[in-house]
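Here's the structure we're looking at; comments come further down.
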Amino acid sequence: MKPTTTEAMTTLLNQINKALPFGMAEAEICAGKCIGCPKKLMEYMSMEVDYWQCRLEQDDAPDLAEFTNFANRSKRIYKSLSKNGLVNL
């Protein structure tokens, strides 16, 4: 049975929280390569994760398009952070 969009979003948010180094200091983020601004990408992802967690807590389920768009943006940002050496692919 396929998960609901709420369950899928919860799973995606958990994966993002585990995969991205949100606790990393700004000096570490900006110390290496700079392909795209990793600091701004991390800030953006942090705001998006907070936004979706808040919506889920209010029982506001995302529709399939919202989930898909967020998942695709997350994937692209993860790849960019990988190019900057902050995460491993």
Side-chain angles (χ1 to χ4, degrees):
M1 179 170 219
K2 292 183 181 182
T4 65
T5 55
T6 301
E7 293 167 343
M9 184 62 83
T10 301
T11 302
L12 178 60
L13 291 172
N14 289 336
Q15 290 172 345
I16 290 169
N17 281 324
K18 289 178 185 175
L20 297 183
F22 288 118
M24 188 179 281
E26 182 180 333
E28 292 178 65
I29 293 172
C30 296
K33 296 185 221 175
C34 198
I35 302 168
C37 183
K39 177 185 167 207
K40 288 181 182 177
L41 292 174
M42 290 293 293
E43 288 172 354
Y44 173 78
M45 282 306 298
S46 177
M47 289 187 312
E48 282 287 306
V49 167
D50 290 344
Y51 169 77
W52 282 110
Q53 286 175 338
C54 184
R55 274 192 59 186
L56 293 176
E57 287 170 2
Q58 296 172 356
D59 294 326
D60 186 8
D63 61 28
L64 187 57
E66 290 174 318
F67 172 78
T68 302
N69 290 335
F70 180 60
N72 289 336
R73 279 193 310 272
S74 301
K75 191 183 303 184
R76 287 191 305 270
I77 289 172
Y78 186 84
K79 285 181 182 179
S80 179
L81 293 174
S82 175
K83 290 177 184 176
N84 285 293
L86 298 176
V87 295
N88 297 320
L89 272 180

Mind checking whether Ser74 and Leu20 have side chains closer than 4.5 Å, heavy atoms only?
no
Just wondering, do Leu41 and Cys37 contact through their side chains at under 4.5 Å, heavy atoms?
no
Would you say Asn14 and Met9 make side-chain contact, with heavy atoms under 4.5 Å?
no
With a 4.5 Å cut-off on side-chain heavy atoms, are Glu48 and Tyr44 touching?
yes
Asn84 side chain to Pro38 main-chain N or O, any donor-acceptor pair under 3.5 Å?
no
Min side-chain heavy-atom separation Asn72-Phe67 under 4.5 Å
no
Considering only heavy atoms from C-beta outward, does the side chain of Leu56 approach that of Tyr51 to under 4.5 Å?
no
Give a yes or no on whether a salt bridge exists between Arg55 and Glu66, defined as a side-chain N under 4.0 angstrom from a carboxylate O.
yes
Rounded at 0.5 Å granularity, tell me how far CG in Leu12 sits from CD in Glu7.
13.5 Å
What distance separates Arg76 CZ from Ser80 OG, expressed to the nearest 0.5 Å?
11.0 Å
Closer than 3.5 angstrom, by distance alone: can the side chain of Asp63 be matched with the main-chain N or O of Ala65 as a donor-acceptor pair?
yes
Distance from Met45 atom CE to Phe70 atom CZ, nearest 0.5 Å?
4.0 Å
Got a second to check how far Asp60's CG is from Trp52's CH2, nearest 0.5 Å?
7.5 Å
Test item: Thr5 side-chain N/O and Leu64 main-chain N/O as donor-acceptor pair under 3.5 Å:
no
Find out whether Thr11 and Pro3 are in side-chain contact, i.e. whether some heavy atom of one side chain is under 4.5 Å from a heavy atom of the other.
no
Between Asp50 and Gln53, is the side-chain contact (heavy atoms from CB on, under 4.5 Å) condition met? List the steps.
CA-CA 5 Å; Asp50 290 344; Gln53 286 175 338; 4.0 Å; yes
Roughly how far apart are Lys39 NZ and Ile29 CD1, rounded to 0.5 Å?
8.5 Å
Within the 4.5 Å heavy-atom criterion, are Phe22 and Val49 side-chain neighbours or not?
yes
Once you round to the nearest 0.5 Å, how far does CD1 of Ile77 lie from CE of Met42?
10.0 Å
Exercise: identify the closest heavy-atom pair between Ala19 and Val87
O-CG1, 3.4 Å
